[in-house]
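Notes follow once the structure below has been shown.
By convention in this document, chain letters (A, B, ...) are assigned in the order of the sequence lines, proteins followed by strands, and residues within each chain are numbered from 1.
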Number of protein chains: 2
Amino acid sequence: MVVDQVSNAELDRLFQALADATRRDIVARVLTDEYSVSELAAEYAMSFAAVQKHVAVLERASLVAKEKRGREQMVRIHLDGLRRARRLLDDYEEIWQQRVARIDDILAEG
Amino acid sequence: MVVDQVSNAELDRLFQALADATRRDIVARVLTDEYSVSELAAEYAMSFAAVQKHVAVLERASLVAKEKRGREQMVRIHLDGLRRARRLLDDYEEIWQQRVARIDDILAEG
DNA sequence: CTAATCTACAACCAAATGGTTGTAGATCAA
DNA sequence: TTGATCTACAACCATTTGGTTGTAGATTAG
């Protein structure tokens, strides 16, 4: 159960990071391509600093990692975060399935 | 791709709802048992109104549904939300896997 | 060397969030 | 009927969030 393995603060940061359309878009982009922070910034109708903050939020959530290359900072996906979040939701659905199975058993007996 | 099917506002509400430990705990509880709002409230070191608000957030995110029973309001899980959130993360990982496969192909050719 | 580019970070602001208390309407129990 | 219980919701408050502008340090290009 992820619920027990991953700290609440970590999950807070993870889901909080995913709870913004711009940040989800950044994740989707860096999943397939490499972007520097300013290349990302060019994609959105907001300031460079705003995008920089979004990237920082994703970084703190372990969804993304930065790597310095010359004067640029390249943003890459960091799968750990994504996997931890997905695992929690998988666990939830598994708990649900166990409950469904339990109810089926009871009905089969009755 | 969920990214296209589910509105950004919906995903915002979903992940935002999951970005709080109390709300994740409520989800975990109602996955296996039935709780009224006040039964839930009794579990946490905060006011009834605070828990009521948390339930409302989960409800708006389609993670939970309320059903009136007498003077009580029973809180049940509503799988739709959970599945939509999980699907997005699955999509992300699939995109990643495709990228990995693509890179493998390139390496195989080279 | 100088100028342009990329990044980091501080200070500020409006809006949203997560909590509180208080009031009031339904429903149930005695 | 009366009192207790369950819920809803408003008003309020402190903190966080998502945006802005401005300043300054590295690094690259000419």
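- No donor-acceptor pair under 3.5 Å is formed between the side chain of R13(A) and the backbone N or O of S62(A).
- Rounded to whole Å, the distance from CD on Q52(A) to P on dA10(C) is 11 Å.
- One interatomic measurement links the two molecules: CZ of R24(A) to P of dG18(D), which rounds to 12 Å at whole-angstrom precision.
- Between L18(A) atom CG and dG18(D) atom P there is a gap of 12 Å when expressed in whole angstrom units.
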Practice prompt. Produce a footprint string for nucleotides 23-30 of chain D: one letter per nucleotide, 5' end first; B if the base is under 4.0 Å from any protein heavy atom, S if only the sugar-phosphate is, - if neither.
Written response: ----BBS-
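- At distances below 3.5 Å, not a single donor-acceptor pair connects side-chain atoms of R76(A) with backbone N or O atoms of E67(A).
- Put simply, the side chain of I26(B) reaches to within 4.5 Å of the side chain of Y44(B), judged on heavy atoms.
- Of the possible polar contacts, one joining the R23(A) side chain to the Q16(A) backbone as a donor-acceptor pair under 3.5 Å is found.
- Atom C1' of nucleotide dA4(C) and atom CD of E72(A) are separated by 14 Å, given to the nearest angstrom.
- Rounded to whole angstrom, the span from the CG atom of L40(B) across to the P atom of dT5(D) amounts to 19 Å.
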Can you check nucleotides 14-20 of chain C for protein contacts, nitrogen or oxygen pairs under 3.5 Å, and list what you find?
unit_1	atom_1	unit_2	atom_2	d
dG18(C)	OP1	R23(B)	NH2	3.3
dG18(C)	OP2	R23(B)	NH1	3.2
dG19(C)	OP2	H54(B)	NE2	2.2
dG19(C)	N7	K53(B)	NZ	3.1
dG19(C)	O6	K53(B)	NZ	2.3
dT20(C)	OP1	S47(B)	N	3.3
dT20(C)	OP2	S47(B)	N	2.9
dT20(C)	OP2	S47(B)	OG	2.6

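- At the phosphate of dT7(D), neither OP1 nor OP2 sits under 4.0 Å from any side-chain N or O atom of K66(B).
- Atom OH of Y44(A) is separated from atom P of dG18(D) by 15 Å (rounded to the nearest Å).
- Atom CD in E39(A) sits roughly 12 Å away from atom C1' in dT5(C) (whole-Å rounding).
- Taking all atoms of both residues into account, the shortest heavy-atom contact from A28(A) to Y92(B) is CB-CE2, 4.1 Å.
- With hydrogens and angles disregarded, a donor-acceptor distance shorter than 3.5 Å links the side chain of Q73(B) to the backbone of K68(B).
- At distances below 3.5 Å, not a single donor-acceptor pair connects side-chain atoms of R69(A) with backbone N or O atoms of S36(A).
- For the atom pair CD (E39(B)) and CD (E72(B)), the distance works out to 5.5 Å, reported to the nearest 0.5 Å.
- No salt bridge links D33(B) with R29(B); every basic N to acidic carboxylate O contact stays at or beyond 4.0 Å.
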